[in-house]
Amino acid sequence: MNTAEKINKLNIPKHIAIIMDGNGRWAKQQGEDRIFGHHEGVNSVREIVEAAVEVGVKYLTIYAFSTENWNRPKEEVDALMELLVATISIEAPQLNKNGVKLEAIGNLKSLPPACYEELQEAMKLTEKNTKLTLVLALSYSAKWEITTAMKEIAEKVEKGTLAAKDISEDLIASHLCTKNYPDPELMIRTSGEHRISNFLLWQLAYAEFYFTDKLWPDFRKNDFYEAIIGYQNRERRFGKTSEQIAKQS
Ligand code: FPP
């Protein structure tokens with residue numbers, strides 16, 4: 001039985017979030033520049049998107065560029081932005097053909113205009129697709145997202161259009177960039193780091209975390225399937241006891 005066949009098709013996470021880490025270390029291992037690792041990382045992204053469509057994942061959110069990544073050396077930031085523009089432009093027709101809808105979360109206005117425009121074009125091209133929603137987290141950080149949401153809510157209270165007593169978990173969630181997506185059930189991080197790095201802090205409250213030592217450019221379809229199988233072997237209790245969960249099922 002191959003790895004894909006071991007997946008229980010009745011228990012596929014609807015939403016998977018990924019911290020793609022290790023491109024720089026992978027490149028170093030090959031004696032190459034960091035950007036070479038990012039280029040190879042795009043091949044992993046392509047494979048994982050294909051795999052997500054194949055197994056029926058509905059939302060895939062990938063951390064492509066964090067707010068903190070702006071602090072990297074200028075040459076790396078420029079190269080990453082160029083890579084993003086080129087990748088979105090090259091991949092958009094294929095994504096469209098495969099029924100993938102491209103969306104993005106983050107402070108998109110802070111992206112270079114070429115990147116912002118390419119993204120808008122690709123999102124427009126793919127907006128009617130329903131097989132998989134691929135969400136790029138770009139210039140994204142969860143603390144920025146939550147702060148922005150809090151400001152919007154405070155402004156509504158100040159204007160009198162919202163009463164403080166009506167602030168609920170659902171209301172906060174409806175002010176986040178992810179308001180149209182269910183929370184991820186599974187978060188994968190590559191490269192042996194066990195951190196959340198300011199990614200979807202609110203939305204990952206009950207996600208299962210899957211860490212692998214593989215560096216992102218080495219993370220391919222079978223690794224993705226292994227992560228899903230790992231998730232399927234966990235017991236999700238949401239604060240309840242094992243006995244309560246057993247009774248429910
Ligand atoms: C983390 O590795 C990776 C990034 C910050 C960028 C990820 C970008 C891509 C894979 C390419 C663009 C993707 C799309 C969707 C178009 P790192 O540089 O932090 O690696 P290190 O920890 O080994 O230094």
Side-chain angles (χ1 to χ4, degrees), residues 16-53 57 59-96 98 100-108 110-112 114-123 125-126 132-142 187-200 211-221 223-224:
I16 300 182
I18 306 184
I19 301 180
M20 315 181 282
D21 197 11
N23 293 349
R25 276 164 283 167
W26 185 89
K28 206 167 167 196
Q29 284 175 3
Q30 319 287 316
E32 299 280 353
D33 284 344
R34 295 178 54 79
I35 194 66
F36 182 72
H38 297 313
H39 276 267
E40 194 55 30
V42 171
N43 294 329
S44 293
V45 172
R46 193 180 303 112
E47 267 204 26
I48 300 315
V49 171
E50 276 174 22
V53 170
V57 171
Y59 299 88
L60 182 70
T61 299
I62 57 175
Y63 209 3
F65 194 86
S66 72
T67 309
E68 290 77 17
N69 287 154
W70 290 114
N71 299 322
R72 290 196 173 192
K74 186 178 178 322
E75 316 81 73
E76 183 170 345
V77 171
D78 290 348
L80 265 170
M81 289 300 142
E82 273 175 36
L83 178 62
L84 273 167
V85 174
T87 305
I88 296 167
S89 151
I90 293 167
E91 301 294 333
Q94 194 59 32
L95 291 175
N96 195 34
N98 293 341
V100 179
K101 178 177 185 174
L102 185 71
E103 298 207 334
I105 56 170
N107 187 2
L108 305 182
S110 68
L111 295 170
C115 187
Y116 181 81
E117 279 148 30
E118 198 65 57
L119 191 60
Q120 297 299 324
E121 232 173 84
M123 291 196 296
L125 175 74
T126 61
L132 168 75
T133 301
L134 172 63
V135 184
L136 301 183
L138 284 172
S139 192
Y140 172 88
S141 81
M187 193 285 285
I188 300 170
R189 181 170 189 150
T190 58
S191 93
E193 308 288 354
H194 295 191
R195 283 190 298 278
I196 198 167
S197 296
N198 217 345
F199 187 45
L200 302 175
F211 298 106
T212 167
D213 287 340
K214 284 245 171 130
L215 303 176
W216 178 251
D218 289 329
F219 188 85
R220 295 301 168 101
K221 277 190 182 181
D223 304 298
F224 185 69

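In this chain, residues are counted from 1 in sequence order. Computed from heavy atoms alone, side chains included, the values below leave out hydrogens, waters and symmetry copies. Atoms within a ligand are numbered from 1 in the order they appear, just like the ligands themselves.
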Could you tell me how the ring of F219 sits relative to the ring of F224: parallel (under 30°), tilted (30 to 60°) or perpendicular (over 60°)?
-> perpendicular
Looking only at non-hydrogen atoms, find the nearest pair between L200 and A17 and report the distance.
-> CD1-CB, 3.8 Å
Checking heavy-atom distances from atom 8 (C) of ligand 1 to each of A64, G41, A137, the winner is A64
Can you check whether G24 has an N/O within less than 3.5 Å of an N/O in ligand 1?
-> yes
Roughly how far apart are Y140 OH and E68 CD, rounded to 0.5 Å?
-> 10.5 Å
Which atom pair, heavy atoms only, marks the closest approach of M20 to A64?
-> CE-CA, 3.7 Å
What protein heavy atom sits nearest atom 9 (C) of ligand 1, and how far away is it?
-> N23 ND2, 4.0 Å
Contact region, K28 to ligand 1, non-hydrogen atoms below 4.0 Å, reads neither
N96, I90, N98 screened by side chain to side chain contact (heavy atoms under 4.5 Å, CB included) with Q94, the one that passes | N98
Quick one: does ligand 1 sit under 4.0 Å from the side chain of I62, the backbone, both or neither, non-hydrogen atoms only?
-> side chain
Contact summary for L102 and A122, nearest pair of heavy atoms | CD2-CB, 3.7 Å
How about I16 and I48: do any of their side-chain heavy atoms sit closer than 4.5 Å?
-> no
Counting heavy atoms only, which part of R72 comes closer than 4.0 Å to ligand 1: side chain, backbone, both or neither?
-> side chain
Nearest non-hydrogen protein atom, atom 14 (C) of ligand 1 | L84 CD2, 4.0 Å
Under 4.0 Å from one or more heavy atoms of L136, ligand 1 contributes atoms 15 (C)
For E47 and K221, work out which heavy atoms get closest and say how close.
-> OE1-N, 3.0 Å
Hey, does S191 have a side-chain heavy atom less than 4.5 Å from the side chain of K214?
-> no
heavy-atom search around atom 12 (C) of ligand 1 in the protein gives V42 CG2, 4.0 Å
Looking only at protein heavy atoms, which one is nearest to atom 4 (C) of ligand 1, and how far off is it?
-> H38 CE1, 3.9 Å
What's the shortest distance from atom 1 (C) of ligand 1 to any protein heavy atom, and which residue and atom give it?
-> M20 O, 3.1 Å
Please indicate whether any nitrogen or oxygen in R34 is less than 3.5 Å from any nitrogen or oxygen in ligand 1.
-> yes
A student checking ligand 1 against R25 at a 4.0 Å heavy-atom cut-off should list atoms 21 (P), 22 (O), 23 (O)
Does any N or O atom in T87 lie less than 3.5 angstrom from one in ligand 1, N or O only?
-> no
Residue pair Y63 / D21, side-chain heavy-atom distance below 4.5 Å = no
Of all protein heavy atoms, the one nearest atom 5 (C) of ligand 1 is N69 OD1, 3.5 Å
